[in-house]
Amino acid sequence: MELEKVYDPRAAEPEIYKYWLDGGYFKGVADTQKRPFSIVIPPPNVTGQLHLGHAFDNTVQDILTRMKRMQGYAAVWVPGTDHAGIATQIKVEEELRKEGLTRYDLGREKFLERVWEWKEKYGGRIIEQLKLLGSSCDWDRERFTMDEGCSRAVREVFVALYEKGLIYKGSRIINWCPHCVTALSDTEVEHEEQAGHFWHIKYQIKDSDEFLIVATTRPETMLGDTGVAVHPDDERYAHLVGKTVILPLMNREIPIIADEYVDRDFGTGCVKMTPCHDPNDFEVGQRHGLEQILVLDNDAKVINGGKYNGLDRYDARREIVADLESLGLLVKVEEHAHNVGKCYRCGTTVEPITSPQWFVKMEPLAAPAIEVVKDGRMKFVPERFAKTYLNWMDNVRDWCISRQLWWGHQIPAWYCADCGEITVSRTDPTECAHCGSAKIERDPDVLDTWFSSALWPFSVFGWPDKTPELDFWYPTTVVTPGYEIIFFWVARMIFSGLEHMDDVPFRTAYIHGIVRDDQGRKMSKSLGNGIDPQVIIDKYGADALRMNMISGVSPGNDMRFYIERCESMRNFANKIWNASRFVLMNLTVTDATLPDALELEDKWILTRLNAAIREVTDNLERYELGVAATKLYDFLWDDFCDWYIELTKPRLNGDDATANANAQRVLLYVLSETLKLLHPFMPFITEKIWQSLPNADGAIMVSRYPEYDAKLDFAADADAFTLVIDAIRAVRARRAEMNVPPSKRPILTVVTAKTDVFTDSRDLLRKLAYAEDVTVLSAAPSSVDGLVAVVTDAATLYMPLAQLVDLDAERARIGRDIEKTKKEIASTEGKLANTEFTAKAPDRVVQVERDKLVKAQALLANLEQSLRNL
RNA sequence: GGGAGCAUAGCUCAGCCGGUUAGAGCACUUGCCUUACAAGCAAGGGGUCACAGGUUCGAGUCCUGUUGUUCCCACCA
């Protein structure tokens, strides 16, 4: 079957994807006869649109899965989406706002219906987009973090942890987002340095003329001050400890306390204490029994703040500063850069407030999670991320898991109106477990969206049920998140897996960087610098996009996205296409087995192919995808297309039918193996071409992955053939220098000790070195007058082109070459004379130097001879 | 305050276990429409591998320090 003239990915890709789906090739079967390989997708948000980060991440997963599948593993790649609590709820609320409604207008039930509708409508979009990339997910296993099974897993985990005392409810300082109107965990807060002010305020000592000066970046919190702290050893204030100050504006009497927390050298050494709105003050307050006064409500408006009540936090700040100033209590205002916490979903500045929330007690869970990384049961690639992880895990604080949202897994806790106790249950209770009262009410809050993501590696396989899939595929082989979700997701999967499955969730976490724009900026909606992968796929094809993202990146590093690189990868796809066309249009045999009689150039390409197979496979096993892709690119373009295809032309166009057929068979063999090797990277085009090959038996995606074959390693012959390649290169270079047009085809005389090699390759030299005819001699002809000599270490090639040459320039050139070669000889001899080197360096390395010396000496001899002949 | 990454050709980046003359893509120069491919072929120019020390027979690669830069974590109000 012949291929069309131009490869059109737009037409081919959907067709091929359908072919795979129809063939059921993506299906993972828990076949205990085979070795398991499993990946669970980092579930994209249902709200999500495919962006380049997803494209990269999923390309990585697809490459690994496709390779393992071809290697005969029982491979499964489980897809799915995340309900993305806050993000999704915000989206739907925005939609409601356009109708002039809020979620409260609808009520919880109706609102949730809306979200589900929304999810049904848009939730599948990203899945469809993943398919455009060629993702070989087992779509029958597609899951959603709020589907029935995942919800059951969440419920089970919550109850189990509660029963173990690892989930508790308590009133503690949490991060509050006034825009999303919910608590956030520490990981959900992004810190950003911001220019601000440092207000120095006078607090009058009671019954005294003295006063303290406190400094603050958030003056509005003073409304909730319930103390002033100084360092116990600070002599400046020692006499005041135990006394009280009158809190300005509020005219409240608050104590001066001494606590080690205070840094004497920072600010004035006096710190106002606002236990309800600062985590440190909270702790100091607990130590000293300070009163807690909440002065900001859920919308960050002032409460319990006298005349400031109802003001927004920033309006309150302005008024308070103005009032302090007019009272003469504002001593000074400094410029001050400080870190402000922002909500990772909406960017609003979060407010630390005390609030009753649910927490996961981390210490007991963290210990084994640290252990498995330290003892190597689980490994990070690249390794440095283990450090990032351990550092976080070592200092982890309790995880605030309750969210004041409606979209999510509602917390299975009921409060009793009679006895005040909490009932937590696997099934919905009708009465209080403590007093039997029927007056119980369910906690309205839902769980952090990451709570369900943490269970993903086992919930997708049916946990808490014991399923054959769970048994076979858990722990998963590898997970491939970006470094930005190590804490959000990776860390939580690890301790959850260990706690509930008693084993790590994955053997390897292959962490990658993020995709940036061509200026190195993060892609974001606000910058408008995002690139839609679909547009790229449309224009260049999914294969080109994949190859662009993979080649030349190193593990864990960020990458910049250059559209021009897509173009060069599309060109690469085209190159493959045309090389395949060439093979097919010359094809009369259908036999892709190798002939017994192999020419030197056949042995050369087979040896190169073997090396490519071994190296690419090794690289993939070690997660060095970028290097693997580059090697394939080079092998296919340089070795196969630029050299081997050209080298077969004399035989394909020649009269010897057997030689012709043999060349075809080698071509077909090498092409087939190369396509297989390339398939995980560029699945569409390789499948498309494969389907046109006479030896194709089914889909390439389920063909056998190439393996290194010692029988096809012809190192010596390949080396010998390299001499011919060197000679061809040298001739071409000289011709180019002399501006000889390709149409001018001189008779080439090759003088070499390796007459057999060059005699075998006469046809090749004729074609590739543009010779009319080729004569191979073992000694220089008696007269070389009028001949131009091209010198390599293995041969001197003579061409009757002297009329084109300036003899003086020629002498100078050869002189330069001689100097260069002499230098190389000197340096090599120096190395070899160094007994330290010969004694300590590995034999292999010493041998390389010896070979180099021999070659250089041969080259020198040839150069000197041709200088004499001139 | 702690930790990490990066610094290699004009640009963007590779360089996997230390071992030939440091590579690629794009850009640039020259010559070619050679019946697979001009989305191509051939040839070429371009690098003090940030800086300073050290280890080693041998350093872009390992170690120490310096500078610049990016990021992560952290309760100096």
Side-chain angles (χ1 to χ4, degrees), chain A residues 3 5-7 173 191 198 214-218 221 229 261-263 265-268 270-274 278-284 336 338-339 352 382 384-385 387-388 391-392 395 483-484 486-487 513 518 520 548 551-560 562 564-565 567-586 615 618-619 622 624 626-628 630 633-634 641-642 645-646 649 653 729 732-737 739-743 767-768 770 820 824 827-828 831 834-842 844-846 848-849 851-852 855:
Chain A
L3 298 171
K5 181 120 191 169
V6 184
Y7 176 59
I173 284 260
H191 294 277
F198 209 26
V214 301
T216 180
T217 55
R218 294 185 299 155
T221 61
Y261 155 70
V262 179
D263 177 353
D265 302 324
F266 187 79
T268 59
C270 301
V271 189
K272 58 192 269 314
M273 289 289 118
T274 322
D278 183 284
N280 301 305
D281 297 5
F282 181 83
E283 281 175 26
V284 175
H336 183 71
H338 62 132
N339 274 327
R384 66 185 138 93
F385 289 109
K387 218 167 176 175
T388 308
N391 184 46
W392 185 79
N395 301 297
Y483 57 68
E484 75 277 11
I486 291 177
F487 309 135
D518 56 4
N548 176 15
S551 62
V553 309
S554 62
N557 285 4
D558 289 351
M559 71 217 80
R560 290 194 196 196
Y562 276 86
E564 305 86 76
R565 273 176 57 92
E567 205 170 310
S568 69
M569 289 306 161
R570 179 208 49 191
N571 295 353
F572 178 57
N574 196 53
K575 190 75 186 173
I576 303 163
W577 184 256
N578 278 296
S580 306
R581 275 183 62 219
F582 173 82
V583 172
L584 285 168
M585 68 179 42
N586 283 290
E615 290 174 26
D618 279 358
N619 287 133
R622 295 205 298 262
E624 292 157 358
V627 181
T630 305
Y633 183 100
D634 291 343
C641 292
D642 288 346
I645 282 186
E646 296 304 321
K649 284 178 180 175
N653 299 329
R729 283 215 170 97
R732 285 175 182 172
R734 289 308 307 288
R735 289 177 59 110
E737 260 175 52
N739 289 319
V740 183
S743 53
K767 165 113 179 89
L768 299 183
Y770 316 105
K820 220 173 95 187
E824 197 183 326
S827 118
T828 313
K831 269 192 196 175
N834 181 351
T835 49
E836 292 256 50
F837 173 70
T838 48
K840 291 182 182 172
R844 178 178 53 85
V845 174
V846 177
V848 165
E849 291 300 316
D851 293 349
K852 199 163 96 183
K855 276 192 170 191

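Computed from a predicted structure; not experimentally measured. Every chain is numbered from 1 and lettered A, B, ... according to where its sequence line falls, protein lines coming before strand lines. Keep in mind that the numbers below use all heavy atoms, side chains included, and drop hydrogens, waters and symmetry copies.
- Donor-acceptor pairing under 3.5 Å, judged by distance alone, is absent between the side chain of A:E624 and the base of B:A14.
- Put simply, the side chain of A:D278 gets close to the backbone of A:D281: a donor and an acceptor are under 3.5 Å apart.
- A:N619 places its CG atom 10 Å from the P atom of B:G15, with the value rounded to the nearest Å.
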B/S/- contact track for nucleotides 5-10 of chain B, protein heavy atom under 4.0 Å: S-----

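- Among the duplex regions that RNA chain B forms, those built from at least three successive Watson-Crick or G-U pairs under 3.5 Å are B:1-7 with B:67-73, B:10-13 with B:23-26, B:28-32 with B:40-44, B:50-54 with B:62-66, ordered by first number.
- A search for ring-ring contact (aromatic ring centres under 6.0 Å, His included) contacts involving A:Y633 returns A:F572, A:W637, not counting sequence neighbours.
- Among residues two or more places apart in sequence or in another chain, the salt bridge (charged side-chain N to carboxylate O under 4.0 Å, His left out) test is passed with A:E484 by none.
- Listed by chain and number, the residues in a side chain to side chain contact (heavy atoms under 4.5 Å, CB included) with A:H336 are A:F198, A:T217, A:F266, A:H338 (sequence neighbours excluded).
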Where protein sits on nucleotides 70-77 of chain B, one letter per nucleotide: B base, S sugar-phosphate only, - none, heavy atoms under 4.0 Å: --SSBBBB

Pairs under 3.5 angstrom, nitrogen or oxygen only, protein versus nucleotides 17-21 of chain B, please.
unit_1 : atom_1 : unit_2 : atom_2 : d
B:U20  : O3'    : A:K852 : NZ     : 2.9
B:U21  : OP1    : A:K852 : NZ     : 2.7

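- Look at A:R581 and you won't find any side-chain N or O under 4.0 angstrom from OP1 or OP2 of B:C37.
- Computed from coordinates, the A:N834 CG to B:U56 C1' distance equals 12 Å when rounded to whole Å.
- Annotation: side chain to side chain contact (heavy atoms under 4.5 Å, CB included) contacts of A:E615 (sequence neighbours excluded): A:A611, A:N619, A:K631.
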Contact pattern, 5' to 3', of nucleotides 23-32 of chain B - B, S or - by protein heavy atom under 4.0 Å: --S------S

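- By the side chain to side chain contact (heavy atoms under 4.5 Å, CB included) test, A:V214 pairs with A:I201, A:Y203, A:V228, A:C270, A:K272, sequence neighbours left out.
- With sequence neighbours excluded, the residues satisfying side chain to side chain contact (heavy atoms under 4.5 Å, CB included) with A:N557 are A:R384, A:S554.
- A donor atom on one side chain and an acceptor atom on the other are found under 3.5 Å apart for A:R565 and A:S551.
- Residue A:K575 places at least one side-chain N or O closer than 4.0 Å to OP1 or OP2 of B:C41.
- The aromatic rings of A:W392 and A:F487 sit parallel, their planes meeting at an angle under 30°, below the 60° perpendicular limit.
- Every residue meeting the salt bridge (charged side-chain N to carboxylate O under 4.0 Å, His left out) condition with A:K840, not counting sequence neighbours, appears here in chain and number order: A:E836.
- Contact annotation for A:E646: base contact, defined as any heavy-atom pair under 4.0 Å involving a base atom.
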